[in-house]
2 protein chains.
Amino acid sequence: MTINFSLRQWEYAIAVADLLSFRKAAERCHVSQPSLSVQLQQLEGSLGVRLFERDRRRVLVTVAGRPLIERARRMLIDASDLMCAARQAQDPLVGTMRIGVIPTVSPYLLPRATAALRAKFPRLITEWTEDKTLALSHSVEEGTLDAALLALEAKLGDFSHATVAIDPFVLVARPRDPLASSPTPLRADALRNADVLFLDDGHCFREQALAFCTKAKAHELAFRATSLPTLTQMVAGGSGVTLLPQLAVATEVKRAKLRVRAFADPAPHRTLALVWRKQSPMVDALRQIAGAIRDAYPQTG
Amino acid sequence: MTINFSLRQWEYAIAVADLLSFRKAAERCHVSQPSLSVQLQQLEGSLGVRLFERDRRRVLVTVAGRPLIERARRMLIDASDLMCAARQAQDPLVGTMRIGVIPTVSPYLLPRATAALRAKFPRLITEWTEDKTLALSHSVEEGTLDAALLALEAKLGDFSHATVAIDPFVLVARPRDPLASSPTPLRADALRNADVLFLDDGHCFREQALAFCTKAKAHELAFRATSLPTLTQMVAGGSGVTLLPQLAVATEVKRAKLRVRAFADPAPHRTLALVWRKQSPMVDALRQIAGAIRDAYPQTG
DNA sequence: AAAAGTTGATAGTCACTAACTATCAAAATG
DNA sequence: CATTTTGATAGTTAGTGACTATCAACTTTT
C-alpha cells in the first residue's frame, strides 16, 4: 500500500470540511484559492474518491468523504503530536502550553498558579482559556488545548491526569441563618429542607453541589447564578444558603458578612486535576506543571 | 503548530531505524542513498532533533529519536489506513486482503474458505499467511496483515472480532485404549492419569488442551508434536491419547484406525474468529468475509 | 601493509510540483 | 440588471526531491 497523498492535502481537505468553502479554507491555510482547488483535485484523483460535492453555490462533504476526513483528522493530530514531541525532546519546558480552566477555579487559582509557573519555568508560556468542562474536554480531545484544569468528578473522556488538590465544599449562610450556628462540622442531613442556591447549568460545580444537596433532601431555589460571586451575593441578600468550593471562600466571602461551615466526613468535595489526552506528547512537561500548580495551591488556614 | 515534515521523510527514518543502515534503507524505499541521506538531514534539521547517531561504521537511533520514531510509526499506520479506507470507499470487496491463520486451522478450513470467498466475492483476492498466534497478532497490530483467523481463547491484543465457529475438542485414542470404550460423552475426569500427547510450544491449541488436561489430572508425555498429523500418528503408534479439535478430525483420523470421543458439557473448545485492529478501515469487508467463512465452515455430522 | 570494498556525506544537475496571478463562468445578491 | 461571490482553469515561476558522480573514512581482504 503506497501512500500517494501529502499531509498538506489533507489539511486543505479538513479546512474545507470545516468551513464548507474553498475560499475561506484557502484563507485559513494561508494559500491562494486556486492552489487549494488544485491540490484537492489531485487528492481526490489519487484516492479515486470524490470528497466534496461542489455546486457553484455550496460545498458538501460526500458520504464517502466523511469517514475519510475523520481518519485524516486523526492522522494530522498524530502528525502535530509528533512535531510537538520533537520540540519537547529539545526541552520539555520551553514553548507554549495551552491550558483550559473551569470558571469556578480560574479566578481563585490562576493568579497564584501563573506566578508560580513563571517563576519555575521562565521559558514556558502558558495560554489560559476559561470555559465549562464539556467545551474544555472537547478542546483537549481535538488538540486545540494541550490540557485542562478541572474537576475529575465530572464526566470526562479518556484522559490521563495529575491531581492538583482536593477542594472541599463548604456551606455559606448569613449569620442569622439557623444553619450558621449549627454545630461544626456540619452533617449532611443538617441541610434537610434548607433552601439552597446553585449555579447555572453546565457548571460542573452545580452538578456536584446539587447531587450532594438532593441526597440531603434540601430544596433547590428557582434562581440560578451564573458565577460564584453572584451566588454569594444572593446568599448575602437573604435568598437562602449555598455551597462554595473552599478555594473560592477567601475571595468571595470577605466581601459579604457571611458564615462558613465545613462539612463532616464524608465531606463533599471536588478533585482538581490537570488532564490531557492519553497520548499527548507533553506528558513530562504537563506533570511538572501540575506539580508546580499543586505547590502553589492556597493552603486552607 | 505548523507541520514541516513529510510522510516520506518519516518512511525513510523508519526504514533506517529498522535496518540500521542508510544504504539498505534506501534500497527498501526504492531511492538512492544520497536522496535518503539528504531527506533525513532535512528532517533532523526541521525538527531540531538528531534522530540517528552515525558513526562511519554503524548507525544508532538516538535516545531522543526513539520515541519520535515510534510516534511516526503510528502516524504512518494511520496514513496507510486512510489510503486503504479510500480504496474501500470505492468498493469494500475489491482488492487484496492479507489474512493470517494458525496452523491448527489452516489445512482444515482454508480449502473450503477460499473456495467460498472466491465464489462470493470474485473480485477479492485473499492472501493467506500461516503462523502461530503470537506472530499473527503482532502482524495485525503493525498492519502487515489485515486480519487473522485464530482462537479467541489465546492471549490477544486489543482487537475487534467476528466469531466464525465454536470448535470443540475431542479425545482420540486407539481402539484398544480403555478410554476408547468408556461411555460417551466423556467426562473430564475420565482423563485422570491418562498419558496425553500435546503439540509443541507456541501453538495455542497446545495451551488450551494442556490447561484442560492438567485440570483433569492427566499426564503430559515428554514428546511434543510439531503438527496435528504428527500428533495423530503418534497416537496411532500407541504412544498414548490426545485431544484434537473437531475441525481436524475428518482429515486426520480417517488415515489411522482411531476412536473419537466427544466430551460432556462443559466441553473443552476453542472459539475461532476473525480478528482485526479496532480501527481497521476494512471493518465492513472483514465482517462480510467472516460471515462467508462461517457459512463455509464444515458442519459436524 | 596495500588494495578493495564498505559506509554515509556532498556537489551538481534536472524534472516535477506546488505555489502564485490573472481570468472565466455560473450563481447569488442587491 | 449590475455587482459580488463562488470554484475552476491557464500560464508562469520558484522550490524541492530525485538522480549520478564523487569523496572521505573506516573495515576487510589479499
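A, B, ... follow the sequence lines: proteins, then strands. Residue 1 opens every chain.
- Separating the CG atom of A:L43 from the C1' atom of D:dA8 is a distance of 17 Å, rounded to the nearest angstrom.
- Between A:T2 and A:N4 the shortest side-chain heavy-atom distance does not fall below 4.5 Å.
- Listed candidates were C:dG8, D:dA8, C:dC20. Nearest to the side chain of A:S37 is D:dA8.
- Distance CG (B:L19) to C1' (C:dG8): 15 Å, rounded to an integer number of Å.
- Distances were taken from every side-chain heavy atom of A:V31 (C-beta onward) to each of C:dC20, D:dG7, C:dA9; the shortest belongs to C:dC20.
- Rounded to whole Å, the distance from CZ on A:R23 to C1' on D:dA8 is 10 Å.
- Separating the CD atom of A:E27 from the C1' atom of D:dT6 is a distance of 14 Å, rounded to the nearest angstrom.
- For D:dT9, one of the phosphate oxygens OP1 or OP2 lies less than 4.0 angstrom from a side-chain nitrogen or oxygen of A:Q41.
- In this entry the distance linking CZ of A:R50 with P of D:dA8 reads 8 Å, nearest Å.
- Heavy atoms of other residues, nucleotides or ligands lying less than 6.0 angstrom from CD of B:E27 number 12 at most.
- The existence of a salt bridge linking A:D200 and A:R206 is excluded, since no basic side-chain nitrogen approaches an acidic carboxylate oxygen closer than 4.0 Å.
- Counting only heavy atoms from C-beta on, B:S32 has its side chain closest to D:dT20 among C:dG8, D:dT20, D:dG7.
- Within the 4.0 Å cut-off from OP1 or OP2 of D:dG17, not a single side-chain nitrogen or oxygen of B:S35 is found.
- Atom CD of A:E11 and atom P of C:dA19 are 10 Å apart (whole Å).
- When heavy atoms are screened at a 4.0 angstrom cut-off, A:R8 is found touching the sugar-phosphate backbone but no base atom.
- Within the structure, a side-chain polar atom (N or O) of A:Q42 is placed less than 4.0 Å from OP1 or OP2 of C:dA18.
- Ion pair B:R98/B:E127 not flagged as a salt bridge, since none of the NZ, NE, NH1 or NH2 atoms sits closer than 4.0 Å to an Asp/Glu carboxylate oxygen.
- Rounded to an integer number of Å, the gap from B:F22 CZ to C:dT10 C1' is 14 Å.
- When heavy atoms are screened at a 4.0 angstrom cut-off, B:Y12 is found touching the sugar-phosphate backbone but no base atom.
- Rounded to whole Å, the distance from CD on B:Q9 to C1' on D:dG17 is 10 Å.
- Here B:Q33 does not reach the OP1 or OP2 of C:dG8: none of its side-chain N or O atoms lies under 4.0 Å away.
- Within the structure, the ring-ring contact (aromatic ring centres under 6.0 Å, His included) test picks out no pair touching residues 119-150 of chain A (sequence neighbours left out).
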